[in-house]
Amino acid sequence: MPELVVTALLAPSRVTLKLLRALMWSLVFSAALVAAAVYGCVALTHVLCRPRRGCCGRPRRTPPACLSDPTLGEHCFLTLKSSGLRLHYVSAGRGNGPLMLFLHGFPENWFSWRYQLWEFQSRFHVVAVDLRGYGSSDAPRDVDCYTIDLLMADIQDVILGLGYSKCILVAHDWGAVLAWNFSIYYPSLVARMVVVSGAPMSVYQDYSIRHISQFFRSNYMFLFQLPWLPEKLLSMSDFQVQQGEGLGGNVPLEPQELTVPTLLLWGEKDPYLEQGLVGAIASRFVPGRLEAHILPGVGHWIPQSNPEEMHQYMWAFLQDLLD
C-alpha cells in the first residue's frame with residue numbers, strides 16, 4: 001500500500017490522539033491551578049494566624065539534636081554505582097541478621113523510621129536512607145533526575161553497595177510507591193516487603209478513575225505539577241502547610257502482577273487513601289502472597305503514630321525468617 005495512502009488513513013487517529021493528549025494536559029493544568037489557589041489560601045491563613053513564623057521557611061543553622069541520637073544508629077554515606085550520587089543513611093545492628101531497608105515518604109527523611117530502627121536492630125541490620133533530594137543526600141536540581149527508573153536504580157545500588165543480595169524492604173507513602181515498583185522489576189532483591197499507607201501507582205490510578213472521591217483526596221498531587229510555586233507555598237509560615245501532605249510522580253501505568261510476600265498496613269482514618277485501595281491491591285497479588293491489615297482509628301502516619309501495633313504485625317510476619 002502506498003505510503004501516502006497509509007499516512008492518510010492514519011491521520012484521523014493521530015489527530016484524535018493529539019487532541020486527547022492536549023485535553024488531558026489542559027485538565028491537569030486546570031486542576032493544578034485550582035490546587036494552587038486552595039493551598040495558597042491555606043498558606044495565607046497560616047501566615048495570618050501565626051505572623052511570628054514569617055512568610056517563608058526559617059533557616060536552621062544547626063540540625064535538631066534528635067537527628068544525631070547515637071542510639072538510633074551510625075550516620076554513613078554511600079556513593080551509588082549507577083549515578084555517582086552520595087546517599088546518606090543511618091545504620092544499626094550490622095551482623096545481627098538480614099538487611100532491613102527503610103524507604104521514607106514525603107515530606108520526610110530517615111528519621112521517620114526512628115521507632116523501627118530501635119525495635120529491629122537486635123535481629124536485623126536496619127538501614128534507613130535519605131532518598132535522593134532529601135535530608136543530607138545529594139539533590140540534583142534537574143527534575144529529570146527523579147524518574148522512577150533512576151530511583152529504583154538507587155535502591156538497587158544501596159542493597160548491593162551494602163554487601164547484600166536481597167533485603168526486607170519496608171516503605172511508607174511515596175517510599176511505598178517506589179517499593180511496589182522495585183518488587184516488580186527487581187523481585188530477586190526483595191525477600192519480603194512491608195508496605196504502609198501506599199498503593200502501586202497503576203492500582204491507584206485505576207481505582208481513582210472509578211472512585212472520584214479518591215481523586216479529590218489526592219488534589220495535592222496536581223499542585224506538584226507546577227514549577228516553582230509549590231515550594232514557595234509549602235514553605236510559607238515556616239513549612240506549616242506541609243503537615244500531612246504526600247507526593248506523586250511519573251510512574252508506569254500498566255498493571256502488574258504482584259508476587260513478593262508482602263505485609264500491607266493501612267489506616268482506617270487515612271485522609272488521603274481510601275480503604276477500598278486495599279482490596280484493589282489484593283486483586284493484583286498471586287494468591288497467598290499478601291497479608292493485609294486495616295488498623296482501626298489510625299491515620300496515614302502509622303510508623304510514627306502507632307509503632308507498637310506496626311511492630312507486632314511485623315514480628316509475626318517475619319518470624320519464620322528468624323527461626
Side-chain angles (χ1 to χ4, degrees), residues 60 62-64 66-96 98-118 120-121 124-186 188-191 193-196 198 224 231 246-251 303-304:
R60 269 67 173 178
T62 57
C66 59
L67 294 183
S68 57
D69 185 346
T71 65
L72 291 175
E74 178 185 4
H75 292 257
C76 309
F77 285 87
L78 178 68
T79 300
L80 303 179
K81 181 179 179 180
S82 300
S83 63
L85 296 177
R86 287 207 323 157
L87 291 195
H88 168 257
Y89 66 94
V90 174
S91 168
R94 179 179 289 275
N96 290 346
L99 173 64
M100 182 179 286
L101 181 63
F102 296 93
L103 306 178
H104 63 77
F106 172 89
E108 302 175 278
N109 59 19
W110 71 268
F111 190 68
S112 303
W113 301 108
R114 55 194 178 276
Y115 299 117
Q116 290 70 45
L117 290 173
W118 279 322
F120 294 100
Q121 62 181 269
F124 298 91
H125 177 197
V126 292
V127 173
V129 299
D130 281 337
L131 296 170
R132 67 163 69 187
Y134 294 81
S136 300
S137 291
D138 285 348
R141 297 187 64 85
D142 191 342
V143 70
D144 291 335
C145 293
Y146 296 89
T147 65
I148 291 292
D149 288 344
L150 292 176
L151 293 170
M152 287 196 296
D154 289 354
I155 299 169
Q156 180 188 33
D157 287 346
V158 169
I159 296 169
L160 300 179
L162 291 172
Y164 293 87
S165 60
K166 60 178 55 181
C167 74
I168 298 158
L169 199 56
V170 185
H172 172 253
D173 188 72
W174 173 241
V177 175
L178 301 180
W180 286 119
N181 278 271
F182 191 79
S183 72
I184 293 169
Y185 294 104
Y186 300 89
S188 64
L189 295 179
V190 186
M193 196 159 66
V194 178
V195 174
V196 186
F224 297 133
E231 290 87 345
L247 174 62
N250 296 318
V251 296
Q304 301 96 47

Side chain proximity check, [X] to [Y], heavy atoms < 4.5 angstrom:
{"X": "Tyr164", "Y": "Pro98", "result": "no"}
{"X": "Leu169", "Y": "Ser183", "result": "no"}
{"X": "Met193", "Y": "Trp180", "result": "yes"}

Quick one: pull up [atom1] in [X] and [atom2] in [Y] and give me the separation to the nearest 0.5 Å.
{"X": "Trp110", "Y": "Leu131", "atom1": "CH2", "atom2": "CG", "value": "14.0 Å"}
{"X": "Cys167", "Y": "Phe102", "atom1": "SG", "atom2": "CZ", "value": "10.5 Å"}
{"X": "Trp118", "Y": "Leu72", "atom1": "CH2", "atom2": "CG", "value": "5.0 Å"}
{"X": "Asn109", "Y": "Leu67", "atom1": "CG", "atom2": "CG", "value": "6.5 Å"}
{"X": "Ser82", "Y": "Ile155", "atom1": "OG", "atom2": "CD1", "value": "11.5 Å"}
{"X": "Leu85", "Y": "Cys145", "atom1": "CG", "atom2": "SG", "value": "7.5 Å"}

Taking side chain to side chain donor-acceptor pair (under 3.5 Å) as the definition, give me every residue that meets it alongside Asp69, ordered by chain and number, with sequence neighbours left out. Thr71
Results of side chain to side chain donor-acceptor pair (under 3.5 Å) for Thr62 - residues two or more places apart only: none
Restricting to non-hydrogen atoms, name the atom on [X] and the atom on [Y] that form the minimum distance, rounded to 0.1 Å.
{"X": "Gly105", "Y": "Asp173", "answer": "CA-OD2, 3.6 Å"}
{"X": "Gln121", "Y": "Val126", "answer": "CB-CG2, 3.7 Å"}
{"X": "Gly161", "Y": "Leu78", "answer": "O-CD1, 4.2 Å"}
{"X": "Ala179", "Y": "Ala171", "answer": "CB-CB, 3.6 Å"}

Mind checking what makes side chain to side chain contact (heavy atoms under 4.5 Å, CB included) contact with Leu160, not counting sequence neighbours? Gln156, Leu189
Sequence neighbours excluded, which residues qualify as ring-ring contact (aromatic ring centres under 6.0 Å, His included) partners of Tyr186? Phe182
Show me the side-chain donor-acceptor pairs of residues 87-94 shorter than 3.5 Å, one per line, residues at least two apart or across chains.
from: His88; atom 1: ND1; to: Asp130; atom 2: OD2; distance (Å): 2.9
from: His88; atom 1: NE2; to: His75; atom 2: ND1; distance (Å): 2.9
from: Ser91; atom 1: OG; to: His125; atom 2: NE2; distance (Å): 2.7

Applied to residues 153-172, the salt bridge (charged side-chain N to carboxylate O under 4.0 Å, His left out) test, sequence neighbours excluded, yields Arg132-Asp154
Indicate yes or no for a side-chain donor-acceptor contact from Asp138 to the backbone of Arg86 under 3.5 Å, with no hydrogens or angles considered. yes
If only atom types and distance count, is the side chain of Trp174 paired as donor or acceptor with the main-chain N or O of Glu108 below 3.5 Å? no
Would you call the rings of His172 and Trp113 parallel, tilted or perpendicular, taking 30° and 60° as the class edges? perpendicular
